[in-house]
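Note on naming: letters A, B, ... go to the chains in the order of the sequence lines (proteins, then strands), and numbering restarts at 1 for each one. Since this is a predicted model, take the numbers as computed values, not measurements. Values reported hereafter were calculated over all heavy atoms of this structure, with side chains retained and with hydrogens, waters and symmetry mates removed.
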There are 2 protein chains.
Amino acid sequence: MGRRRTVSAGEPLIWEDDDSLLVANVIEGVLKLTTSTADGREQIVGVAYPSDFIGRPFGQTSAASVVALTDARVCVFARNDFDRFAREHPELEHKLLERTLAELDRTRAWMMLLGRKSAPEKIATFLLDMSERLADNGCVHQPGAQSGPARQFTLPFSRQQVADLLGLTIETVSRQFTKLKADGVVALPGRRDVEILNRGALMALAG
Amino acid sequence: MGRRRTVSAGEPLIWEDDDSLLVANVIEGVLKLTTSTADGREQIVGVAYPSDFIGRPFGQTSAASVVALTDARVCVFARNDFDRFAREHPELEHKLLERTLAELDRTRAWMMLLGRKSAPEKIATFLLDMSERLADNGCVHQPGAQSGPARQFTLPFSRQQVADLLGLTIETVSRQFTKLKADGVVALPGRRDVEILNRGALMALAG
DNA sequence: CCGCCAGATTGATTTCGGTCAAGGTTCGCC
DNA sequence: GGCGAACCTTGACCGAAATCAATCTGGCGG
């Protein structure tokens, strides 16, 4: 019933306010969910990793755009087919409910960050979050490591995208990264590479 | 199976990070969902109106506190009873899924506001949102009015709570209200009363 | 290998909203 | 009706992050 599809980095899969015609499961890669204002400001409202569900079942329109951050493989379904199938399979609806509730919890925790945290707190929280989220998804170059938060990882985001996730500007993000490096809290071996040198300091900064 | 309960204004129903022992349906009144930092900053992450569902089914702990904003009546269920009952009644789970998806959409729209909107935009968006949400719930003093956004209504929030909802300080909220009044966009007949005099101007400000 | 250019950093300056500090209002309660 | 406290408004000032403006870097195509 589903069709495999590849989406290359930067390519959109779903457009904000469009009719909700498809839903999908992420097989590989990372995608962002965004909303934009008329004048072009963007806010990333969610990030989808492998095994995550994307799209808006049981609704006419999609509230967010979905764009691939890395090359990705997804399994897409026509929304109306999916809706019908789901209603006939309570186990599937239950799984979807559990995932949606978990996503709502994560989204609400992010509202705290957007509304009440300072730039240093936002960056520290972000790095710790990435360290945990990326560890579970084979996105990490950490040979022979047991599970748990990753010490070193590659961000699936550009600086601008980090800014769009945290409600900051690219300059502020850059300055905060530089400061963390200068303070010896992290190392930044490449544009998108992060190595956490002092997790305790990051946790203290995250508040 | 459920028990009726009254919760008076300011009284908590569920505590953040506590074991998720109960879920509930709002019958009457308005409640806030909040998260707090260790140092006491608060962010309102959701607002529950009559017919809304509150609590965290299928999860060990609650990610947010729930506190009544007005005197409220709710119908509470033990969470484990509810979980069991829901799994046996797909129609109920479906309804809950639809509501949760809608709440997630609303929450994501609010992230845009928190991360990217200016104080005037936040206040204007808030007032338009309240005008719509309160119209559907008998919270409005508008005799003989047909449905649609309310022109006049009473906020269920203090100034501090508006600040906690928008990620602002109480002083900024107060100044923005004063400015809207001075510009003739709204009238403020009482501490919590709002009358929209120029909806077009508000919509333009909301962006 | 070199030049190009998108993306990132760095610096100077501005501004919006926060902080600190008084007052002022309203409303419940005696 | 008057008292008191909680809530709200207003003003002066400050500072964090945005904005504006170069410069730098590093990855890629020629």
A:S174 vs C:dT10: side-chain N/O to OP1/OP2 distance below 4.0 Å: no
Interatomic distance, B:R159 CZ vs D:dT10 P [rounded to whole Å]: 10 Å
Gap between atoms CD and C1', on A:Q161 and C:dA8 respectively (whole Å): 13 Å
Integer-rounded Å distance: C:dA22 C1' and B:I170 CD1: 15 Å
Between C1' of D:dT9 and CZ of B:F177, the distance in whole Å: 13 Å
Distance flag, aromatic centroids of B:F58 and B:F82, threshold under 6.0 Å: no
More than 12 heavy atoms of other groups within 6.0 Å of A:R106 CZ: yes
Sequence-distant partners of A:R159, side chain to side chain donor-acceptor pair (under 3.5 Å), two or more places apart: none
Nearest-angstrom distance from the residue atom CD of A:Q160 to P of D:dA18: 11 Å
Whole-Å gap separating P (D:dT10) and NZ (B:K179): 13 Å
A:L166 CG to D:dA16 P, straight-line distance once rounded to whole Å: 18 Å
Side-chain heavy-atom pair A:P57, A:L96 within 4.5 angstrom cut-off: yes
Under-4.0 Å side-chain N/O to phosphate OP1/OP2 contact, A:R191 with D:dG26: no
Least distance between heavy atoms, B:I44 atom then B:Q161 atom: CD1-O, 3.4 Å
Donor-acceptor pair, side chain of A:E16 and main chain of A:S36, under 3.5 angstrom: yes
Where protein sits on nucleotides 13-18 of chain C, one letter per nucleotide: B base, S sugar-phosphate only, - none, heavy atoms under 4.0 Å: ----SS
Integer-rounded Å distance: C:dA8 C1' and A:K181 NZ: 11 Å
